[in-house]
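Reading through the structure tokens given below for one structure.
We count residues from 1, following the sequence as given. Every value quoted in this text rests on a predicted model; they were computed, and no experiment measured them.
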Amino acid sequence: MTSGLVAGGAVAGATAAVADEASQHQGGAAATLNGLTTFDQAVLHVDGEKQEIPAGLFEMTVDGGGTLKTYCVDLHKPTQEKARYQETSWDQTALGGNKDAGRIRWILQHSYPQVDDLGELAADAGTGPLTAGTAAAGTQVAIWRYSDKAQIQALDPAAERLADWLEKEARSVAEPEASLSLEPSAVSGPAGGRIGPVTVRTDAARVSVSPPADAAASGIRITDGNGKPVTSAADGSRLYFDVPAKAADGSAALTVQATTSVPVGRAFSGVTKSQTQILAGSSESTVSATAGATWATAGPIPALSARKNCAKSGVDVTVTNRGDAAFGFELMGLTHSVRAGETRTVTVPVAEDQPYDVTVTAPGGFRKTFTGTLDCRTTGSTAVPMTGEQGNGPSPLSAGGTSTGPVGTDDGPDLAETGASGATPMIAGIALAMLVIGGAAVFLLRKKKDPGAED
């Protein structure tokens, strides 16, 4: 296991001049979706109609190195080409409100690819011979029955028997902890002391800790609670920013990084609108988390963070003021104030499946923006969305990929097809509109050629 922690140097300027933009990533793995790579077919029943769709394992490439295998837990939403994903907790996705989320994790632990001996899996489930594609399809079908309450069956008989067995045997298992996080993600305090703590949460054995790149010039150190410089840390370690009294008002950020396996069952949410995924398997992968510190000699010293709140359909903006004066700020057109030594959380309502940016401003040029996409609900089996451009994100185009699915398939399916598609009504509507326009054009041309026609 290799790991490292690097802290950025102080940013010159007063606290009031802070400007920042950040997404709500609480730490862990960040990855890019490659496509659906191991799959077979399933039949989805929606409103009395049948639709055949591919079902199976996706693959993601982790930033910094590593590969993830995931299943979908958001059936009716198209997947975007090369979508960016971030590891997240269940409560920031539709899994947080799903009483069967723990059963989905059980399925992941007891099926392919965690059980990679297909003969053993087939014997346990009594399915008959399984291939990687049919095992993945049966697993995905069982997951969709719990994640989306979908009426769906695997097309292959052995895959369908596997899905039935997994659904019947599933038991609730607790949500896994993050692969790596720092809590809280923002701290503040006066210069001339230790600011923190920031607590390390990880399933890696150890992480190494490095001082800021400009430590010699700025004098800022990362220490433990006794002021001793930290060279290594583990789960539960408490880190502090040690800021000299002479340091100019400013801020710094530290990033904890390690190489470890991401726990099976961790959720992965799209940075833009794209199917929520759940982890089925991980190689040794690079994981990271970031925390920032702000300091000043006097006045308000705010620390800001944000987190999706699916229970309230919004984003929680938390402001902690470790200064000696109240911090007044504006958020979504309303004015708020946090007294010295206090913390306040404001929930900003956000539309489901829409990109958002939440900006906090304050006198003196202070500005901090949090961006992301709220993805807290599955569509359900009563409606099938149309494919095409998704909000401000890209259209769901094919990302290719190597297939181990049906014979004769050279590439993975169009990613839009990995969720249910209702594009046909839209195409029919466009065709009808074109017929009407064409008919009107013919009528006008005939009228113009008629010498008795009035202008």
Salt bridge (charged side-chain N to carboxylate O under 4.0 Å, His left out) involving [X] - partner list, sequence neighbours excluded:
X: Asp375; answer: Lys77
X: Arg194; answer: none
X: Glu342; answer: Arg339
X: Glu330; answer: none

**Prompt:** Sequence neighbours excluded, which residues qualify as ring-ring contact (aromatic ring centres under 6.0 Å, His included) partners of Phe268?
**Reply:**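 So Phe268 forms no ring-ring contact (aromatic ring centres under 6.0 Å, His included) with any residue.
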
Does one side chain, of [X] or [Y], offer a donor that lies under 3.5 Å from an acceptor on the other?
X: His45; Y: Gln153; answer: yes
X: Thr318; Y: Thr345; answer: yes
X: Gln80; Y: Ser274; answer: no
X: Thr343; Y: Thr320; answer: yes

Test: salt bridge (charged side-chain N to carboxylate O under 4.0 Å, His left out). Region: [range]. Which pairs qualify, not counting sequence neighbours?
range: residues 92-101; result: Asp100-Arg103, Asp100-Lys149
range: residues 104-113; result: none
range: residues 124-145; result: Arg145-Glu160, Arg145-Asp164, Arg145-Glu167

Check this for me: does any side-chain nitrogen of one of [X] and [Y] sit under 4.0 Å from a carboxylate oxygen of the other?
X: Asp74; Y: Arg377; value: no
X: Glu183; Y: Arg201; value: yes
X: Arg266; Y: Asp203; value: no

Qualifying residues under side-chain hydrogen bond (donor to acceptor under 3.5 Å, both in side chains), relative to [X], sequence neighbours excluded:
X: Ser261; result: Glu284
X: Thr202; result: none
X: Ser313; result: none

Atom pairs and distances, side-chain donor-acceptor, residues 107-116, under 3.5 Å, sequence neighbours left out:
{"residue": "His110", "atom": "ND1", "partner": "Trp106", "partner atom": "O", "Å": "2.8"}
{"residue": "Ser111", "atom": "OG", "partner": "Thr139", "partner atom": "OG1", "Å": "2.7"}
{"residue": "Gln114", "atom": "NE2", "partner": "Ala280", "partner atom": "O", "Å": "2.8"}

